[in-house]
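Written out below as structure tokens is the structure these notes cover.
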Amino acid sequence: MAEKPMCMPTQIPDDEDIQREDNIRCLTMLGHFGFECLPHQLVNRSIQQGFSFNVLCVGETGIGKSTLIDTLFNTNLKDKKSSHFYSNIELKIQTYELQESNVQLKLTVVKTVGYGDQINKEASFQPIADYIDAQFEAYLQEELKIKRSFVDYHDSRIHVCLYFISPTGHSLKSLDLLTMKNIDSKVNIIPLIAKADAISKNDLQKFKCKIMSELVTHGIQIYQFPTDDETTTQVNSSMNGQLPFAVVGSMDEVKVGKRMVRGRQYPWGVLQVENESHCDFVKLRDMLLCTNMEDLKEQTHTQHYERYRCCKLHKIGFTDVGPDNQPVSFQEIYEAKRQEFYDQCQREEEELKQKFMQQVKDKEMTLKEAEKELQDKFEHLKRVQQEERIKIEEEKRQLEEEIINFYKMKAGSETLQTQGSTNIKKDKDRKK
Ligand SMILES: Nc1nc2c(ncn2[C@@H]2O[C@H](COP(=O)(O)OP(=O)(O)OP(=O)(O)O)[C@@H](O)[C@H]2O)c(=O)[nH]1
């Protein structure tokens, strides 16, 4: 009796086949054979490589970002509290290596610091948008390298933005709307009502409806859980209707009956974080980590990064089709760009030459004018000096004349004086 070869399809014969070939012994397959093993190869490789996930938490100071992340990943990530007195928005980036059974996760948490404490709203969202773009740019630069090293490249693109909404308002604040509007095309946003234990059940439903209608009115795109996958359609479509998730975070273990549960103890009772009738924490954790983490990463790559890349390459001058709507090869674009660059260099060189010549001419003119001015000044001074000299010489001559006259007068008076004294002496002698 021939055994069934291993490469044959592993179809189990139906009853009819068994009856027809009742003399053949049918064995049920114990392992996997052929290309049905492909998914296992992927699973094994992924487990070996480990996973990475980058979360951006945007929310006011002290709204519960760190506590929620700790609760989500069931780890005390030990983060310091921030103050309300930062002059600017900053982003705190921390990367952790986590492990659950044999699955390793490289988790990067980016948190806003000082958000909601600034008067200038534009300055509040801009650093967040810039950070997201900077991660896209880093990935694009790696992609464009000739020698790429994606194996050990840490992809820091943000896969999800958990946007923490304060539970104390009637509606979204203008800062919430402005920030979400400015980043919704760059990142998958999941809105959360933080510290949902601070809001009553009735108010919570109204608040959720109000938030969703405001997001629609302002045309803000939030992440939609995918509904095109058979296995997740049902759960995801019901979850889309429950956004924003009202979450509560806590790492405290509280005794409820005979069990220890994660929750927050209040004088009037215990809020159990993992109880779905108390808050939406479990829904968020399931949606984020169990069902849609891969979709979030895929959306980041295929939608948000693709949009950034397309925009950036267009800005640089790359295009897929030419002016005649015909496909253009990379080589053609490169040649055209090179020629364009060469022409521009030539133009700029010519312009610089012209500018330089003009400047030399202008300088020469100015120097000539200055020289003429100096010459005129010199001539004028020479004339003035000549006149001065003539004047001084005249004065000198007059002075010399005066001196001569003086001496003459002096000599005359001395003669007179001598004569006078001789006459007096003679008179005296005569009188004697
Ligand atoms: N009532 C309530 N309090 C919470 C909740 N989550 C956190 N807190 C408390 O809020 C305070 C601030 O929580 P954090 O997690 O440090 O808030 P944060 O947003 O990370 O703070 P910064 O990083 O300093 O901006 C702590 O005292 C927490 O115990 C919650 O869901 N409900």
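Arg259 is listed as a side-chain neighbour of Gln272, based on a closest heavy-atom distance under 4.5 Å. Leu68 is listed as a side-chain neighbour of Leu192, based on a closest heavy-atom distance under 4.5 Å. For the pair Ile69/Leu162, a side-chain contact is recorded, criterion being any heavy-atom separation below 4.5 Å from C-beta on. At a threshold of 4.5 Å between non-hydrogen side-chain atoms, the residues Gln375 and Phe378 count as touching. Counting heavy atoms from C-beta on, the side chains of Val384 and His380 come closer than 4.5 Å. Taking 4.5 Å as the limit, every side-chain heavy atom of Met293 sits out of range of all side-chain heavy atoms of His159. Considering only heavy atoms from C-beta on, Glu351 stays 4.5 Å or farther from Gln354 through its side chain. Taking the side chain as every heavy atom from C-beta outward, Gln339 and Tyr342 approach each other to under 4.5 Å.
The salt bridge (charged side-chain N to carboxylate O under 4.0 Å, His left out) contacts involving residues 260-271 comprise Asp197-Arg264, Glu253-Arg262, where partners must be two or more places apart or lie in separate chains.
Ring geometry, Phe225 versus Tyr223: the interplanar angle exceeds 60°, so the pair is classed perpendicular (tilted spans 30 to 60°). Between Tyr115 and Tyr163, the ring planes lie perpendicular to each other; the angle is over 60°, past the 30° to 60° tilted range.
With respect to Lys337 and Glu340, a salt bridge is recorded, a charged nitrogen being found less than 4.0 Å from a carboxylate O. Classification of Glu369 and Lys372 as a salt-bridged pair fails, no side-chain N sitting under 4.0 Å from a carboxylate O. Ion pairing of Lys361 with Glu364 is absent here, as no side-chain N (NZ or NE/NH1/NH2) approaches a carboxylate O to less than 4.0 Å.
Atoms NZ and CD1, from Lys186 and Ile132 in turn, are 7.0 Å apart once rounded to the nearest 0.5 Å.
Heavy atoms from other residues, nucleotides or ligands lying under 6.0 Å from CZ of Phe341 number 12 at most. In the displayed structure, Glu373 atom CD is contacted under 6.0 Å by at most 12 heavy atoms of other residues, nucleotides or ligands. Counting non-hydrogen atoms of other residues, nucleotides and ligands closer than 6.0 Å to CD of Gln265 gives a total above 12. For Arg397, the CZ atom counts as densely surrounded, since its 6.0 Å shell holds more than 12 non-hydrogen atoms of other residues, nucleotides or ligands.
With no hydrogens or angles considered, a side-chain donor-acceptor pair links Glu335 and Gln331 at under 3.5 Å. When only modelled atom types and interatomic distance are considered, Gln346 and Glu350 share no side-chain donor-acceptor pair under 3.5 Å. Between the side chains of Glu401 and Asn405, no donor-acceptor pair of N or O atoms lies under 3.5 Å. There is no side-chain donor-acceptor pair under 3.5 Å between Gln398 and Glu402.
Checked against side-chain hydrogen bond (donor to acceptor under 3.5 Å, both in side chains), Thr71 has no partners two or more places apart in sequence or in another chain. When the side-chain hydrogen bond (donor to acceptor under 3.5 Å, both in side chains) test is applied to His278, no partner is found at least two apart in sequence or on another chain. Among residues two or more places apart in sequence or in another chain, the side-chain hydrogen bond (donor to acceptor under 3.5 Å, both in side chains) test is passed with Lys208 by Asp280. Remark: Gln344 pairs with Glu348 by the side-chain hydrogen bond (donor to acceptor under 3.5 Å, both in side chains) rule, at least two apart or across chains.
A side-chain donor-acceptor contact under 3.5 Å links His304 to the backbone of Ser185. Judged by distance alone, the side chain of Gln135 and the main-chain N or O of Tyr131 form a donor-acceptor pair under 3.5 Å. Here the side chain of Thr179 pairs no donor or acceptor atom with the backbone of Asp176 at under 3.5 angstrom. With hydrogens and angles ignored, the 3.5 Å screen pairs no side-chain donor or acceptor of Lys312 with any backbone N or O of Glu137. Side chain of Lys181 to backbone of Gly219: a donor-acceptor contact under 3.5 angstrom is found.
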Please tabulate, for side-chain N and O atoms in residues 42-57, each donor-acceptor pair with protein atoms closer than 3.5 Å (sequence neighbours left out).
residue : atom : partner : partner atom : Å
Asn44   : ND2  : His40   : O            : 3.3
Ser46   : OG   : Leu42   : O            : 2.9
Asn54   : OD1  : Thr108  : OG1          : 3.4
Asn54   : ND2  : Asp155  : O            : 2.8
Asn54   : ND2  : Arg157  : O            : 2.8

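Just one of Leu98, Leu72, Thr75, Thr95 meets the side chain to side chain contact (heavy atoms under 4.5 Å, CB included) condition when paired with Leu107; it is Leu98.
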